[in-house]
Amino acid sequence: MEEGQTISPDIVDLRSFYAERLGVVARGLIAARIHAHWPSATGDRVLGIGYATPYLQELSLGAERVLAFMPAAQGVMNWSADGGNVATLVHEDMLPLTDASIDRILAIHCLETTANVRDLLRELWRVLVPGGRLIIAVPNRRGIWARVERTPFGYGRPFSRGQIATLLRETQFSEIGWSGALFAPPSSSRLFLRSGKGWDRIGRVMWPAFPGVLIVEVTKLMYQGVPARRSSRRVSVLAPALIPAGSRRQAMGPGEGGA
């Protein structure tokens, strides 16, 4: 699969989509599948990368900490579940986090538009704790939503299940479970808006290979290291608005001012 820069929806387009009725329905259907994988994130450190904020509110309940990282090509907007900003702009293959510092990662509106998928996955592997969990949601190459540009799922590079599985093996992740969402066409008609849940319920049984979005949960493997990458850029650990002042020493790793 050829990698390279792809067209990415900007933050204004993403926010506008999720404010529309079609976006509200789509968010609810995808969030239901995420919740089926992760009923609770109590006590965990959670990272959303890409444009994950529409899905982080539920995951923030009981979580120790929630961060929202948005790619530089996309743009950033303030977001918080509790009043303080926890969103920041990042290079997705150079995350400002120490090794093994995150328990759960949700990646959505991310892999399909990144310049190098493997580098991104290696970076997510690095910041996950051993046995940490990652959920990836990407447009399905065989689905209708990837062919319609009026939604964010029509941008970038859609994936097949086999392509995602290969990438995960190459970057030392082990699959836990697969699911899909958005089986109905991306229509703003009242029929879809009222029966989206029914479409997804039937689709998972009748045509499971054709969801608009593929969702996979994986865990970090430890039996083999990920090859190091040379880089001319230094990676520094941020201690800005991401972390409440009282928690900075806890969140920063050894050598960065924390214990």
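Any value given below was found using the heavy atoms of this structure, including those in side chains, with hydrogens, waters and symmetry copies removed.
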Roughly how far apart are [X] [atom1] and [Y] [atom2], rounded to 0.5 Å?
{"X": "Ile49", "Y": "Leu134", "atom1": "CD1", "atom2": "CG", "result": "9.5 Å"}
{"X": "Gln172", "Y": "Lys220", "atom1": "CD", "atom2": "NZ", "result": "11.0 Å"}
{"X": "Ile144", "Y": "Ser187", "atom1": "CD1", "atom2": "OG", "result": "10.5 Å"}
{"X": "Arg169", "Y": "Leu221", "atom1": "CZ", "atom2": "CG", "result": "12.0 Å"}
{"X": "Thr166", "Y": "Arg161", "atom1": "OG1", "atom2": "CZ", "result": "12.0 Å"}

- Would you sort out whether Glu112 and Phe159 count as a side chain to side chain contact (heavy atoms under 4.5 Å, CB included), showing the intermediate values? CA-CA 8 Å; Glu112 64 268 27; Phe159 293 89; 4.2 Å; yes

- Query: Knowing that exactly one of Ile102, Val218, Leu95 qualifies, which makes a side chain to side chain contact (heavy atoms under 4.5 Å, CB included) with Leu124?
  - Reply: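 Answer to the side chain to side chain contact (heavy atoms under 4.5 Å, CB included) test with Leu124 among Ile102, Val218, Leu95: Leu95.
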
I'd like to check [X] versus [Y] (side-chain heavy atoms, cut-off strictly below 4.5 Å). Are they in contact?
{"X": "Glu170", "Y": "Leu121", "answer": "no"}
{"X": "Arg65", "Y": "Val86", "answer": "no"}
{"X": "Ile108", "Y": "Tyr51", "answer": "no"}
{"X": "Met77", "Y": "Met70", "answer": "yes"}
{"X": "Ile202", "Y": "Trp207", "answer": "yes"}
{"X": "Val66", "Y": "Trp79", "answer": "yes"}
{"X": "Leu120", "Y": "Thr171", "answer": "no"}
{"X": "Val213", "Y": "Leu29", "answer": "no"}

Does one hydrophobic cluster hold both [X] and [Y], with members joined at side-chain heavy-atom distances below 4.5 Å?
{"X": "Leu67", "Y": "Val129", "value": "no"}
{"X": "Ile11", "Y": "Val76", "value": "yes"}
{"X": "Leu167", "Y": "Trp125", "value": "yes"}
{"X": "Ile105", "Y": "Met222", "value": "yes"}
{"X": "Val24", "Y": "Trp199", "value": "no"}

- Task: Evaluate the salt bridge (charged side-chain N to carboxylate O under 4.0 Å, His left out) criterion for residues Asp119 and Arg122: first the C-alpha distance (whole Å), next the side-chain angles of each, then the deciding distance (0.1 Å), finally the verdict.
- Result: CA-CA 5 Å; Asp119 283 355; Arg122 291 185 183 110; 3.2 Å; yes

Donor-acceptor check, side chain of [X] to backbone of [Y], threshold 3.5 angstrom: yes or no?
{"X": "Arg150", "Y": "Pro186", "answer": "yes"}
{"X": "Arg141", "Y": "Pro158", "answer": "yes"}
{"X": "Thr219", "Y": "Gly132", "answer": "yes"}
{"X": "Gln74", "Y": "Pro71", "answer": "no"}
{"X": "Thr114", "Y": "Leu111", "answer": "no"}
{"X": "Asn140", "Y": "Ala209", "answer": "yes"}
{"X": "Asp200", "Y": "Leu182", "answer": "yes"}

- Can Asn116 and Asp93 be said to form a side chain to side chain contact (heavy atoms under 4.5 Å, CB included), step by step? CA-CA 8 Å; Asn116 193 310; Asp93 61 347; 5.7 Å; no

- Identify which one of Arg104, Arg33, Arg133 satisfies the salt bridge (charged side-chain N to carboxylate O under 4.0 Å, His left out) criterion when paired with Glu217.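 For Glu217, the salt bridge (charged side-chain N to carboxylate O under 4.0 Å, His left out) test succeeds with only one of Arg104, Arg33, Arg133, which is Arg133.
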
- Do Thr88 and Phe69 pass the side chain to side chain contact (heavy atoms under 4.5 Å, CB included) test, and can you show the C-alpha distance, the side-chain angles, and the key distance before you say yes or no? CA-CA 5 Å; Thr88 191; Phe69 285 0; 3.4 Å; yes

For a quick test of your reading: what N or O donor-acceptor pairs under 3.5 Å do the side chains of residues 12-22 make, sequence neighbours left out?
from: Ser16; atom 1: OG; to: Val12; atom 2: O; distance (Å): 2.8
from: Tyr18; atom 1: OH; to: Tyr55; atom 2: OH; distance (Å): 2.8
from: Tyr18; atom 1: OH; to: His109; atom 2: NE2; distance (Å): 2.7

- Taking atom types as modelled, find out whether Glu58 and Trp38 have a side-chain donor-acceptor pair closer than 3.5 angstrom.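 The criterion, which ignores hydrogens and geometry beyond distance, is not satisfied for Trp38 and Glu58.
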
- Task: Can you tell me which residue pairs pass the ring-ring contact (aromatic ring centres under 6.0 Å, His included) test with a partner in residues 127-149, sequence neighbours excluded?
- Result: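 Found none.
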
- Starting from the C-alpha separation in whole Å, work towards a yes-or-no answer on side chain to side chain contact (heavy atoms under 4.5 Å, CB included) for Arg204 and Phe183. CA-CA 8 Å; Arg204 285 193 293 272; Phe183 285 86; 3.5 Å; yes

